[in-house]
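Heads up, the thing below is written out as structure tokens.
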There are 2 protein chains.
Amino acid sequence: MSRNDNISMSVIRRLPRYYRFLSELNEQNIDKISSTKLAEIMNVTASQVRQDLNCFGGFGQQGYGYSVSQLKEEIQNILGLNNNYKAILIGAGNLGKAVAKHMNFEKLGFELIACFDCNEEKVGKKLNNLTIMHDSLLDEFCQNNKINTAFLCIPRVCVENVLDKLYGYGIKNYWNFSHYDIARKYSDTLVENVHLSDSLMTLCYKMNNRDKIL
Amino acid sequence: MSRNDNISMSVIRRLPRYYRFLSELNEQNIDKISSTKLAEIMNVTASQVRQDLNCFGGFGQQGYGYSVSQLKEEIQNILGLNNNYKAILIGAGNLGKAVAKHMNFEKLGFELIACFDCNEEKVGKKLNNLTIMHDSLLDEFCQNNKINTAFLCIPRVCVENVLDKLYGYGIKNYWNFSHYDIARKYSDTLVENVHLSDSLMTLCYKMNNRDKIL
DNA sequence: TAGATTGTTAATCGATTAACAATC
DNA sequence: TAGATTGTTAATCGATTAACAATC
């Protein structure tokens with residue numbers, strides 16, 4: 001099935017976007033689409049669509065196009081959204097709460113099974129269906145549960161301490177909202193960073209250079 | 001000063017990262033750094049550092065290196081972080097609250113001057129130093145205040161309606177947390193999108209392909 | 001002056017786009 | 001069969017890296 005073992009991250013990062021647009025088309029009960037039309041909708045080139053998809057297999061049919069529902073499923077599988085990776089949330093502050101409540105983890109390949117905070121006031125409160133636990137229970141929880149991922153929503157200065165523990169318990173995948181550089185310390189981790197301030201600074205730059213950009 | 005009028009977005013997106021590392025070095029009272037050392041710290045090539053910086057000017061000194069504090073300031077200026085762009089927040093849900101409380105807007109070139117929500121229960125409550133206002137007050141507020149940017153923390157389906165109003169009042173810069181495609185509808189807008197679910201899906205892919213990646 | 005390190009040009013690498021033969 | 005559209009190769013474009021002359 002896979003025609004190309006060395007898929008570039010540029011391609012990977014476009015997959016969620018394909019997935020979103022295909023999901024929409026699917027909801028609109030559109031059952032076939034050509035690379036040209038899909039490209040139009042997504043504001044990319046038809047060549048890119050075909051090249052991207054062909055990294056993973058020949059999902060289309062010459063003369064016809066692509067089956068929307070099939071292609072959506074294929075990308076779902078490529079991304080691995082049918083997984084049920086167990087995740088824990090570290091930090092139930094504003095950001096942690098937002099992340100926990102805002103995301104539909106089941107549709108994204110994850111299940112949030114616990115959340116921790118160092119603040120006594122938060123401990124015992126509910127977050128979704130979970131009761132927030134104190135950081136001191138982390139060790140016990142990690143020993144008794146298989147955890148695939150940690151979502152880090154704590155300040156940068158707190159990360160190293162927690163990370164050392166989590167890594168010690170074999171957790172090697174992180175969704176990281178801090179600026180702490182996880183992969184530098186532990187090179188066999190997989191990390192997705194969300195740098196909100198970087199994004200806002202980029203907007204600031206664009207605003208300063210409106211004329212050059214538009 | 002600017003040697004290159006057509007800076008690529010690849011370069012721009014690296015600037016916040018330079019800025020962060022330089023800020024750290026500055027806090028550690030390190031006053032000079034060579035492209036080689038900076039590259040090492042940032043895990044990039046020295047060539048890239050020099051190329052990137054030279055898009056904007058010759059900030060270094062041959063035989064010596066770069067002044068940390070000067071370079072930090074230069075990038076601060078390039079990004080426009082000394083601005084005081086007036087921003088309003090639309091949506092004071094979990095995500096909106098997290099964004100409002102979590103970010104240090106002043107250091108990022110912005111000032112949050114109001115926030116709005118359509119939920120009567122939230123109206124009147126405080127968010128930072130601001131009182132959450134009902135969406136129905138948006139028109140009046142926009143007429144009486146100069147607003148540069150809107151931070152959209154509302155569900156996708158709610159965006160178009162609000163966007164039309166905001167655009168009508170001349171707001172053309174958006175920090176967008178929804179999947180609504182603002183730039184498609186209004187092509188003279190500047191948009192920074194934050195797609196949290198895309199990031200998590202990418203992590204999911206990486207986890208599924210750990211062996212290929214690491 | 002000698003050593004260090006930049007600024008900048010040239011070479012390489014990778015990603016995107018164009019073109020078209022294969023085929024449904 | 002004729003028309004449409006893919007899969008795939010080749011061409012182009014842009015970004016990264018290497019090299020080195022300029023110079024502090």
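Here is how names work: the chains are called A, B, and so on, in the same order as the sequence lines, proteins then strands, and each is numbered from 1. Owing to the predicted nature of the structure, the values given are computational and were not obtained by experimental measurement.
- Annotation: cation-pi geometry satisfied between K32(B) and Y64(B) (NZ/CZ under 6.0 angstrom from ring centroid, within 45° of ring axis).
- The shortest non-hydrogen separation linking L130(A) to I113(A) is CD2-O, 3.5 Å.
- Among the nucleotides dC24(C), dT16(C), dT23(D), the one closest to the side chain of Q62(B) is dT23(D).
- Residue-to-nucleotide proximity on DNA chain C shows that, of Q51(B) and Q51(A), the 5′-proximal contact is made by Q51(B).
- Across L38(A), L25(A), L53(A), D31(A), a single residue satisfies side-chain contact (heavy atoms from CB on, under 4.5 Å) together with Y66(A), and that is L53(A).
- Distance, Y64(A) OH to dG7(D) P: 13 Å, rounded to whole Å.
- A 3.5 Å limit on both hydrogen-bonding distances identifies dG3(C) as the Watson-Crick or G-U partner of dC24(D).
- Residues Q28(B) and E24(B) have side chains that never bring a donor and an acceptor to within less than 3.5 angstrom of each other.
- One can place CZ of F56(A) at 14 Å from P of dG7(D), the figure rounded to the nearest angstrom.
- Phosphate proximity of dT16(D) to Q48(B): present, with a side-chain N or O under 4.0 Å from OP1 or OP2.
- Note that K172(B) lies outside the cation-pi zone of Y186(B), set by a 6.0 Å cut-off to the ring centre and a 45° limit from the axis.
- For an aromatic pair to be called close, the ring centres must be under 6.0 Å apart, and F141(A) with F116(A) satisfies this.
- Distances shown here put a side-chain N or O of Y66(B) below 4.0 Å from the OP1 or OP2 atom of dG7(C).
- Regarding Q61(B), its CD atom lies at a distance of 18 Å from the C1' atom of dT8(C), rounded to whole Å.
- Residues of residues 15-41 of chain A having a heavy atom closer than 4.0 Å to DNA chain D, listed by number: K32(A), S34(A), S35(A).
- Under 3.5 Å, the side chain of S47(A) and the base of dA18(C) form at least one donor-acceptor pair of N or O atoms.
- For the OP1/OP2 pair of dT17(C) and a distance below 4.0 Å, the side-chain nitrogens and oxygens of T45(A) include at least one atom meeting the criterion.
- The separation between M9(A) atom CE and dT16(C) atom C1' is 18 Å, rounded to whole Å.
- Whole-Å rounding puts the L53(A) CG to dT5(D) C1' distance at 13 Å.
- Atom CG of N6(B) is separated from atom C1' of dA15(D) by 13 Å (rounded to the nearest Å).
- In terms of phosphate contacts, R14(B) brings a side-chain nitrogen or oxygen within less than 4.0 Å of OP1 or OP2 of dT16(D).
- Residue K37(B) places its NZ atom among 12 or fewer non-hydrogen atoms of other residues, nucleotides or ligands, all under 6.0 Å distant.
- Side-chain to base pairing of S8(A) with dA15(C): no donor and acceptor N or O lie closer than 3.5 Å to each other.
- Computed from coordinates, the N54(A) CG to dT17(C) C1' distance equals 15 Å when rounded to whole Å.
- In this structure, R50(B) atom CZ and dC20(D) atom P are separated by 13 Å, rounded to whole Å.
- Counting heavy-atom neighbours within 6.0 Å of K107(B) NZ, excluding the residue itself, gives a total of 12 or less.
- Across all strands shown, dT9(C) is found opposite dA18(D) as a Watson-Crick or G-U wobble partner, with both distances under 3.5 Å.
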